[in-house]
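The structure appears below as C-alpha cells.
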2 protein chains.
Amino acid sequence: MTARKAVTSASVVTYLRSCINKGDLNPDDKLPSEREISERLQTTRVTTREALKQLEAQGVIYRSNRRGWFVTPDRIKYDPSRAMFFMDYVAEQGQQPFSRELQKTKIKADAEIALMMGVPIGEPLVELQRLRGSGVRPVYVERILLREKLLPGIDKKDLENSVSRVIRNDYQTEYGRIDLDMVVGSLSVTDAELLQAPAGYTSITIQRLSYDAKGEVLELDLEQWRHDALQLKVSLSS
Amino acid sequence: MTARKAVTSASVVTYLRSCINKGDLNPDDKLPSEREISERLQTTRVTTREALKQLEAQGVIYRSNRRGWFVTPDRIKYDPSRAMFFMDYVAEQGQQPFSRELQKTKIKADAEIALMMGVPIGEPLVELQRLRGSGVRPVYVERILLREKLLPGIDKKDLENSVSRVIRNDYQTEYGRIDLDMVVGSLSVTDAELLQAPAGYTSITIQRLSYDAKGEVLELDLEQWRHDALQLKVSLSS
DNA sequence: GAGTGGTCTAGACCACACT
DNA sequence: GTGTGGTCTAGACCACTCG
C-alpha cells in the first residue's frame, strides 16, 4: 500500500500563517493560486480551499471577486461616538481612504423606511449611496436617507465626502442622540458586487439613526462592511 | 446522454428557507440530516453542506457540535449603554437565560493583560470565567478580570449572576466611563468547545474596559459571542 | 487563449452522539 | 451499534480575469 497520510486543512492553515508572519507575504499581497498551494503541499483543492476559508473567517486573508486571495491589511478603527469623518480617521491610521458617490435621488419613505426612521409614509427623503474604501480595497457601502423637510436643498450639495460636515456648516444643525444597531450577517448579491466580494461574504451591518438637538430624526445611515475591515470602538460615559 | 442538470446550492438554500418561513421548522428545531436533504433534493452532500453554511452565515441556522443543524432563535438585543443585567434583559425578551460559572481564580496581570488594562505587570487580579446562554443554547463565554486593589474580597462574593450588581451594592462604587471594542473573528478551539460550536465558528469579540467615577480602571471583560446570537444596540448622546 | 476561482459530482474514512 | 457530522480524495465543467 502507498497509503499516503491525508493532509489536513489545519496544516495548510499553519503553513500559510507562517508565510504571512515571516513577512513573505505583506498586506494586500496576492497568495499563490489554489492549485499551486495544493500541489506544493500535496493535497487537493477542496482541502486548500477549506484552509483559505478558515483564514478568511479569522480575518487574516480576504477574497476579491474571482481575482484571488490577498493578505488583509489592518482593520479600520471606527469610533461612532467621536465626531470624525471617514476620510480623516482612515488617513490618520496611515491608509489612503477613498469615497465614491454611486447615486443621489429624491424618494418618498416606504413602509419599511418610515418605520425605521419614525416618520410618516410618503415623507420626502434624499437617498445617497456611497462606496468607501482604504487603499485599493472597498470596505463598505452605505445608503443614507436624509429628511428634506429638515434639510431643504440637501440634494444639491456635494455630499461625496461628508454629510455631517455639510449639515453642521450649511444648516447650523448639531447632532444630538445617535442610535446604533449592529449585526453580523452576509452580503446581498448587489452589495457583494460593489465590494468586489463573493455573494454571501460575511458582513457587519450597521444602522445609525441620528437626531438633531431637539430630538427630531435627521438621517438614517445603513452601512454594510466587509467583516474583516472593521474594528468598532465606542466610548460611553454614563 | 442522461445529463442530469446539476443542482445548485442556491436552490437548496431557497428550499430550506421556505421550510423555515412556512413554519415547518421552528426556532431550535433540528433540520433533517445532511444525507437526507441531499437525497431528497437529488444532490450531493458537498452541495447541501455549502447551502447550510450559507444559511449559517446569514444567521438563519446554527450548528451544535456534531449534533446537527438547528433553526436560529431571535438574536439577543444587547445595549451596553443601559445599566442592565444579562439575566434580566434576556428574560425581558421572552427567553430563558442561564449563567454558569466556570472558574474563579486569583491571578497576577501578565504583560498582555497589564497593557490592555493599563495596570502594572504583576498587579493582583481576580479572574472569573462564565458561560451564558438562552434557552438550550450557550451564546457567549466571558472572562472577567477584576482589580482586587479596588475591590478587596471580591473573590469571595457570589458572582455567577452579576458582577456589576455586586460592585454597586457591596462596594458602593459607581461605573464611570466604559470603553468598548468589537471585532468579528472566529472561535478558538477551547471557546468553541464551551459554546458547542465547531472550531473556527464565526464570532464576535467584545472587549469592555470599565472605569469607576474617578477614572480608575475597575474591570476588563472579554466576551466571545456566537455571531448569530447577538444584536448590539448602543445609544449615544453627545 | 490560458489560467483562475466558483461550483458540483461521487465516492471514502473517522470520531463522536444517540439509543 | 448505528448514524451523524467533519473531513479528505480525485476528478470535472463553467465563467470570469488577465495578459
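Letters go in sequence order (proteins before strands), and every chain restarts at 1.
- Note: CD (B/Glu50) to C1' (C/dT9) measures 14 Å, nearest angstrom.
- No hydrogens or angles considered: a donor-acceptor pair under 3.5 Å links the side chains of B/Glu34 and B/Trp69.
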*Can you run through DNA chain C from 5' to 3' and write each base as (, ), [, ], | or . depending on how it pairs? Watson-Crick or G-U wobble, both distances under 3.5 Å.*
||||||||||||||||||.
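- For the pair A/Ile61 CD1 and C/dG5 P, the computed distance is 11 Å after rounding to whole Å.
- We find that NZ of B/Lys53 is positioned 13 Å from P of D/dG5, with the value rounded to whole Å.
- Annotation: cation-pi geometry not satisfied between A/Arg63 and A/Phe70 (NZ/CZ under 6.0 angstrom from ring centroid, within 45° of ring axis).
- The base of D/dG6 sits within donor-acceptor range of the side chain of B/Arg45, with an N or O pair under 3.5 Å.
- Mapping B/Val46 and A/Arg35 onto DNA chain D by nearest heavy atom places B/Val46 at the nucleotide closer to the 5' end.
- If you measure from atom CZ of B/Arg49 to atom C1' of C/dT9, you get 16 Å, rounded to the nearest angstrom.
- The distance from atom CZ of A/Arg66 to atom C1' of D/dC16 is 5 Å, rounded to the nearest whole Å.
- When the C1' atom of D/dT2 is taken as reference, atom CZ of B/Arg67 falls 18 Å away, rounded to whole Å.
- Between B/Thr43 and C/dT9, a side-chain N or O to OP1/OP2 separation shorter than 4.0 Å is present.
- Atom CG in B/Asn65 sits about 21 Å away from atom P in C/dC14, given to the nearest Å.
- Donor-acceptor pairing under 3.5 Å is recorded for the side chains of A/Asp228 and A/Tyr201.
- Between the P atom of D/dC14 and the CD atom of A/Glu34 lies a distance of 19 Å, rounded to the nearest Å.
- Side-chain atoms of A/Ser210 and A/Glu219 include no donor-acceptor pair closer than 3.5 Å.
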*Show your reasoning for whether salt bridge (Lys or Arg N to Asp or Glu O under 4.0 Å) applies to B/Arg130 and B/Glu160.*
CA-CA 7 Å; B/Arg130 288 193 298 213; B/Glu160 181 152 350; over 6 Å; no
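- Closest of all the heavy-atom pairs between A/Arg132 and A/Asn161 is NH2-O, 2.5 Å.
- Nearest to the side-chain atoms of B/Thr44 among the listed nucleotides D/dG5, C/dC8, D/dC8 stands C/dC8.
- Regarding contacts with the backbone of C/dT7, every side-chain N or O of B/Ser9 stays at 4.0 angstrom or more from both OP1 and OP2.
- Contact between the side-chain N/O atoms of B/Thr8 and the OP1/OP2 oxygens of C/dT7 is not found at any separation under 4.0 Å.
- Within a 6.0 Å radius of CD in B/Glu39, no more than 12 heavy atoms belonging to other residues, nucleotides or ligands are found.
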